[in-house]
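First the proteins, then the strands, lettered A, B, ... as listed; each starts at 1.
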2 protein chains.
Amino acid sequence: MHLTLKQLRIFEAVAEHRNYTQAAKSLFLTQPAVSMQIRQLEEEAGMALFERSGKEVRLTDAGLELLHHARLIHQQLEEAQQAMAEMRGLKRGRLRLTMASTANYFAPRLLAGFCRRHPGVRISLDVANRDGLIQALENNTSDIVIMGKPPERLPVRAEIFLDNPLVVIAPPGHPLAGRRRIPLSELARHPFIVRERGSGTRAAVERFLARHDVERPTGMEMNSSEAIKQAVQAGLGLGVVSLHTLEMELALQRLVVLDVEDFPIMRHWRMVYRRDKRFSAVAQAFHDFVRDEAGALLSRAADDAPAPPSPPAAPAG
Amino acid sequence: MHLTLKQLRIFEAVAEHRNYTQAAKSLFLTQPAVSMQIRQLEEEAGMALFERSGKEVRLTDAGLELLHHARLIHQQLEEAQQAMAEMRGLKRGRLRLTMASTANYFAPRLLAGFCRRHPGVRISLDVANRDGLIQALENNTSDIVIMGKPPERLPVRAEIFLDNPLVVIAPPGHPLAGRRRIPLSELARHPFIVRERGSGTRAAVERFLARHDVERPTGMEMNSSEAIKQAVQAGLGLGVVSLHTLEMELALQRLVVLDVEDFPIMRHWRMVYRRDKRFSAVAQAFHDFVRDEAGALLSRAADDAPAPPSPPAAPAG
DNA sequence: GCCTTCCATAAGCATTATTGATGGTTGCAA
DNA sequence: TTGCAACCATCAATAATGCTTATGGAAGGC
């Protein structure tokens with residue numbers, strides 16, 4: 001069976017004009033082109049679709065039936081094109097993201113900004129530890145992964161979009177608080193709270209200390225930045241966390257940043273994705289959004305967004 | 001926009017196989033052909049539909065969306081082809097017939113025979129006088145017209161499918177009953193009941209008498225064969241009707257056929273249709289059915305059909 | 001009867017699709 | 001690593017299709 005859309009389109013035009021020549025004009029074709037396409041269509045249908053007499057062109061019963069179907073097909077086709085156009089125009093689509101758990105502190109503002117610009121885009125967000133991030137890349141279950149240090153084994157691309165300075169924190173009354181240019185060696189004398197094994201932050205800290213020939217101070221392990229901050233506030237020791245997570249604690253003077261030599265450890269947030277990835281329109285848009293505007297968006301104070309105490313949000317779809 | 005069904009079909013195949021080469025095989029194409037069609041489709045969609053990596057071919061979000069639409073379109077298409085096939089196969093369709101009122105006596109058997117063979121075909125039957133028949137041809141409101149003498153002014157085709165002998169009838173006790181080879185001139189002495197002006201039968205009788213130089217006997221006018229038969233039975237005069245309408249009256253000896261010289265007037269039943277007519281499948285089937293089987297069907301006694309008193313019919317769809 | 005309108009047909013041309021050959025990439029196994 | 005196999009992209013040549021111009025025939029209007 002060798003039906004073509006062209007045939008159906010021409011057929012519809014003829015059915016509507018009841019005149020080959022007019023139909024041809026309306027399609028910017030010549031009349032013979034119409035004649036031939038109709039003839040082919042009739043051959044495929046196996047019967048006449050029009051009755052031609054000198055006077056007029058009329059649909060046969062079969063033609064009437066086919067016209068009905070042709071219109072339905074036409075309609076379906078337009079819906080398909082509409083859907084494509086909408087996805088191109090980012091009115092719709094799905095975005096699969098995976099983020100390091102430590103990205104928590106800026107992720108909401110990032111996503112909110114993107115969603116505000118593209119309502120209708122559904123985002124599914126996974127928060128995972130480093131293993132989870134790597135799996136997401138391996139299994140292609142995520143369009144973009146937000147993480148720190150990209151995995152070296154996988155064929156991925158990584159783009160820095162935000163600094164992530166790690167600083168040493170202490171409770172306000174700590175002996176080192178207020179001291180300037182604290183040498184690294186000093187740190188080793190104090191108990192130290194670190195992230196669990198496998199954490200990117202911990203690995204970064206250990207690499208950093210090793211590079212500077214400093215033994216890691218003894219201390220507890222905690223499995224989140226929040227827990228570390230709480231522990232430090234409670235006086236259990238020093239800690240290393242991302243500066244950006246300290247906004248409120250610093251403002252309320254619950255914690256202080258120590259001025260340690262060679263700190264902050266400058267790490268970066270990256271968008272990481274498979275080298276063979278072909279971005280969907282939505283993914284591309286998110287990528288560009290983050291690349292171009294993450295810095296500005298995230299450096300603005302958090303009070304910028306929820307400042308007017310209006311109702312929390314529009315109902316989500 | 002330049003979508004083609006070919007593109008959609010190939011797209012579906014690739015989506016299902018997740019492999020260009022396999023998809024190509026399943027469509028009896030080569031792999032490059034598939035590559036190119038998909039590329040075109042992607043250009044028209046304005047975005048990637050597949051993610052290709054060395055390992056596998058995966059649908060993008062847009063691809064998934066398009067696949068959905070492609071399947072709907074495909075489905076519509078198959079319904080259209082199904083409809084065409086059914087009309088070709090005469091499972092469905094409409095047949096518009098117009099018949100001379102005097103065809104009443106055989107029409108039911110004819111239609112019943114056709115309907116039994118093609119259930120699902122709807123027949124709309126108009127019974128009209130000669131003027132009505134001609135109008136039906138002029139306005140193309142009928143596929144086929146069953147009539148006697150075809151109109152000469154219209155560009156029509158006419159095909160004889162049945163004899164229609166007109167005979168002179170009388171009540172059994174009539175003085176002419178039983179006489180052999182009654183000369184035409186004898187008829188003129190008896191009152192004569194004829195069809196109304198405009199009737200084909202009357203015209204035929206008048207042409208016949210004129211050709212034989214016989215003046216038409218005086219008498220009444222009646223507007224149907226049935227009325228004439230009744231009047232003749234009542235002794236109001238002689239009449240001329242189609243032999244085929246007399247089956248029961250002859251069997252019951254309510255009427256007799258006179259053996260008049262040069263009678264019967266041999267007329268014919270014809271299928272008449274516009275010369276430019278392009279038959280629908282149903283119309284063609286009816287035409288062939290009548291041409292090939294009307295004789296056999298109508299010469300069989302009427303008791304042939306309803307003879308076995310079995311359940312009427314299978315439930316219609 | 002002539003002229004116009006309209007569809008069918010045919011030959012030539014332009015466009016498009018398909019093929020076969022080839023190259024690059026990836027994954028797998030020796 | 002190297003070699004191999006599977007797979008998709010690309011290219012040039014060819015096959016197929018569709019379109020156009022030119023022309024013919026039929027029907028209707030004047």
Side-chain angles (χ1 to χ4, degrees), chain A residues 1-11 13-15 17-44 48-60 63 137-140 153-157 274-278, chain B residues 1-11 13-15 17-44 48-60 63 137-140 153-157 274-278:
Chain A
M1 209 35 98
H2 195 209
L3 255 180
T4 69
L5 291 178
K6 203 176 304 195
Q7 286 167 1
L8 289 181
R9 211 187 314 273
I10 291 178
F11 170 70
V14 173
H17 287 89
R18 287 188 292 283
N19 177 320
Y20 280 43
T21 310
Q22 288 309 108
K25 264 185 203 162
S26 78
L27 296 166
F28 304 100
L29 290 174
T30 55
Q31 168 264 316
V34 172
S35 284
M36 290 194 290
Q37 293 291 337
I38 294 296
R39 187 177 52 189
Q40 283 191 4
L41 190 58
E42 289 186 328
E43 269 167 28
E44 275 145 29
L49 301 170
F50 294 106
E51 271 173 35
R52 303 123 171 112
S53 71
K55 211 177 199 167
E56 51 178 348
V57 172
R58 290 179 301 271
L59 278 170
T60 61
L137 287 169
E138 274 181 335
N139 304 339
N140 192 43
R153 292 299 180 82
L154 297 177
V156 298
R157 254 182 253 287
R274 297 168 65 108
R275 197 181 295 274
D276 62 30
K277 190 76 187 171
R278 297 183 66 175
Chain B
M1 51 196 68
H2 194 209
L3 255 180
T4 69
L5 291 178
K6 203 179 302 194
Q7 286 167 0
L8 289 181
R9 205 186 306 277
I10 291 178
F11 169 71
V14 173
H17 287 90
R18 287 189 291 282
N19 178 320
Y20 280 43
T21 310
Q22 289 309 109
K25 265 186 202 161
S26 78
L27 295 166
F28 303 101
L29 290 174
T30 56
Q31 169 264 317
V34 172
S35 285
M36 296 182 110
Q37 292 291 333
I38 294 296
R39 188 175 53 188
Q40 283 193 4
L41 191 58
E42 288 187 329
E43 270 168 27
E44 276 145 27
L49 301 171
F50 293 106
E51 272 173 34
R52 304 127 172 106
S53 70
K55 211 176 198 168
E56 52 178 347
V57 171
R58 291 179 299 272
L59 278 170
T60 62
L137 287 169
E138 275 180 336
N139 304 338
N140 192 41
R153 292 298 180 85
L154 296 177
V156 297
R157 255 183 251 287
R274 296 166 66 107
R275 196 182 294 273
D276 62 32
K277 189 74 187 172
R278 298 184 65 176

Walk me through whether A:I10 and A:L29 qualify under side chain to side chain contact (heavy atoms under 4.5 Å, CB included). CA-CA 10 Å; A:I10 291 178; A:L29 290 174; 3.9 Å; yes
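A search for side-chain contact (heavy atoms from CB on, under 4.5 Å) contacts involving A:R275 returns A:P155, A:R157, not counting sequence neighbours. In terms of the ring-ring contact (aromatic ring centres under 6.0 Å, His included) criterion, B:Y20 has no residue partners (sequence neighbours excluded). Not counting sequence neighbours, the partners of B:L59 by the side-chain contact (heavy atoms from CB on, under 4.5 Å) test are B:F11, B:A15, B:F50, B:L64, B:L67. With sequence neighbours excluded, no residue forms a salt bridge (Lys or Arg N to Asp or Glu O under 4.0 Å) with A:K6. Partners of B:N19 according to the side chain to side chain donor-acceptor pair (under 3.5 Å) rule, which considers only residues two or more places apart in sequence or in another chain, do not exist here. For B:E56, the side chain to side chain donor-acceptor pair (under 3.5 Å) partners are B:R58, not counting sequence neighbours.
To the nearest angstrom, C1' of C:dA8 lies 15 Å from CZ of A:F50. Across the protein-nucleic acid pair, A:I38 atom CD1 and C:dA8 atom C1' stand 13 Å apart, rounded to whole Å. The distance from atom CD of A:E51 to atom P of C:dA8 is 13 Å, rounded to the nearest whole Å. At whole-Å resolution of the value, CG in A:N19 and C1' in C:dC7 are 9 Å apart. Rounded to an integer number of Å, the gap from A:K277 NZ to C:dT26 P is 16 Å. If you measure from atom CD of A:E42 to atom P of C:dC7, you get 13 Å, rounded to the nearest angstrom. As a whole-Å value, the separation of A:R58 CZ from C:dC6 C1' is 14 Å. In this structure, CD of A:E43 is placed 13 Å from C1' of C:dA8, rounded to the nearest angstrom.
Looking at every heavy atom in both residues, A:A13 comes nearest to A:S26 through CB-OG, 4.2 Å. Closest heavy-atom contact between B:E42 and B:L49: OE2-N, 2.8 Å. Residue A:E51 comes nearest to B:N140 through the heavy atom pair OE1-ND2, 3.3 Å, listed as atom of the first residue, atom of the second, then distance.
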Nucleotide N/O of nucleotides 12-19 of chain D paired with protein N/O under 3.5 Å:
residue	atom	partner	partner atom	Å
D:dG18	OP2	A:Q40	NE2	3.2
D:dC19	OP2	A:Q37	NE2	3.0

Below 3.5 Å between N/O atoms, which protein atoms pair up with nucleotides 22-24 of chain C? Just atom names and distances, please.
none

What's touching nucleotides 24-28 of chain D from the protein side, N or O pairs under 3.5 Å?
none

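Every pair passing side-chain hydrogen bond (donor to acceptor under 3.5 Å, both in side chains) that includes a residue from residues 28-41 of chain B is listed here, sequence neighbours excluded: B:Q7-B:Q40, B:Q31-B:S35.
Residue A:Y20 places its side chain closer to C:dC7 than to any other of C:dC7, D:dC7, D:dA9.
Residues A:L41 and A:T4 fail the side-chain proximity criterion, which asks for heavy atoms closer than 4.5 Å.
Nucleotides of DNA chain D nearest to B:Q22 and B:P32 differ in position, and the one nearer the 5' end is that of B:Q22.
Contact between the side-chain N/O atoms of B:R39 and the OP1/OP2 oxygens of D:dC8 is not found at any separation under 4.0 Å. Taking 4.0 angstrom as the limit, B:T21 places a side-chain polar atom (N or O) nearer than this to OP1 or OP2 of D:dC8.
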